[in-house]
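Notes follow the structure.
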There are 2 protein chains.
Amino acid sequence: MNMKLKNEDELRVQIFKALADETRLEIVRMLKDSKKELSCGEIGDRVDMSKSTVSYHFKTLREAGLTTTRKDARTKYVQLRKETFDHYLPGFLDSL
Amino acid sequence: MNMKLKNEDELRVQIFKALADETRLEIVRMLKDSKKELSCGEIGDRVDMSKSTVSYHFKTLREAGLTTTRKDARTKYVQLRKETFDHYLPGFLDSL
DNA sequence: TTTTTAGTTTCATATTCATGGAACTATCGT
DNA sequence: ACGATAGTTCCATGAATATGAAACTAAAAA
């Protein structure tokens, strides 16, 4: 896999890129408001976009460390990763 | 000029885009660390990029509301705009 | 007045990003 | 076993972004 090791600023850039999109911001807000984890499907339903696009947005958020995923059979549940927000964007979620 | 009126999330997206770049992050850090305002030239010197590119980065930050500019004759001085950070990214500057 | 200095704007270009369709994987229900 | 369901991956494409060169504007210095 050869994952490139990122320094703090590269991580910050990746995080900001992940948040620099209205759809993904909407997803983050849904996850924040819901508190309980949501399935990709539930989120996708409220977002009027193709499956593949929605999947791509999930991947972007996950790879930036902003979410975690739990798989239960067919369904994938997504949750916010608080530590990342607290470390790189303290106070942001509350302001959202 | 016909400036399009932006809602909060559009502003957030614009802010995140502005911060989603290593050079601009570096500029923000310089401004934060320096405390006193810096000229475009002083900043440009430490950033090894063409004048036009640096100018473009300043514009991106300014249009996102992250900096303000004061012009003194030939020289332009740039400063962080704290209100914007406090409102959209509280705690971020301290974490930088 | 001519030249240098500080910064912007315009243009071309290469790269990255967002999007949907189609094919794929894995699991569930029948 | 077979069809439906939940998601991912691959591919093509149009839009947005970062970059530098060159031409430009305005003010300082000579």
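Throughout, protein chains are lettered first and strands after them, A, B, ... in sequence-line order, and every chain is numbered starting at 1. This structure is a prediction, so every number in the text was calculated from the model and none was measured.
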Contacts of type side chain to side chain contact (heavy atoms under 4.5 Å, CB included), residue A:Ala64, not counting sequence neighbours: A:Gln14, A:Ile15, A:Ala18, A:Leu66
Which atom pair, heavy atoms only, marks the closest approach of A:Val13 to B:Leu19? CG2-O, 4.5 Å
Short heteroatom pairs, N/O only, protein and nucleotides 11-13 of chain D, under 3.5 Å:
none

Would B:Ile27 and B:Val78 satisfy side-chain contact (heavy atoms from CB on, under 4.5 Å), going step by step from the backbone distance to the final call? CA-CA 10 Å; B:Ile27 293 173; B:Val78 186; 5.9 Å; no
DNA chain C contacts among residues 51-75 of chain B, heavy-atom distance under 4.0 Å: B:Lys51, B:Ser52, B:Ser55, B:Arg74, B:Thr75
Of all pairs that satisfy side chain to side chain donor-acceptor pair (under 3.5 Å), the ones with a partner from residues 44-67 of chain B, not counting sequence neighbours: B:Arg24-B:His57, B:Ser50-B:Ser52, B:Ser50-B:Thr53
Quick one: B:Lys17 NZ to D:dA15 P, roughly how many Å, whole number? 14 Å
In chain order, what residues pass the side chain to side chain contact (heavy atoms under 4.5 Å, CB included) check against B:Asn7, with sequence neighbours excluded? B:Asp9, B:Glu10
note: A:Ile43, atom CD1; D:dG7, atom P; distance rounded to Å ~ 9 Å
Evaluate side chain to side chain donor-acceptor pair (under 3.5 Å) for A:Glu26 paired with A:Thr23, printing each intermediate quantity in order. CA-CA 5 Å; A:Glu26 203 182 325; A:Thr23 302; 5.2 Å; no
Taking OH from B:Tyr77 and C1' from C:dG7, how many angstroms apart are they, rounded to a whole number? 13 Å
Using heavy atoms to find the nearest nucleotide of DNA chain C for A:Met49 and B:Glu42 separately, return the residue whose nucleotide is more 5′. B:Glu42
Do the ring planes of A:Phe92 and A:Phe85 sit parallel (below 30°), tilted (30 to 60°) or perpendicular (above 60°)? parallel
Show me the pairs that pass side chain to side chain donor-acceptor pair (under 3.5 Å) and involve residues 72-90 of chain A, at least two apart or across chains. A:Glu8-A:Tyr88
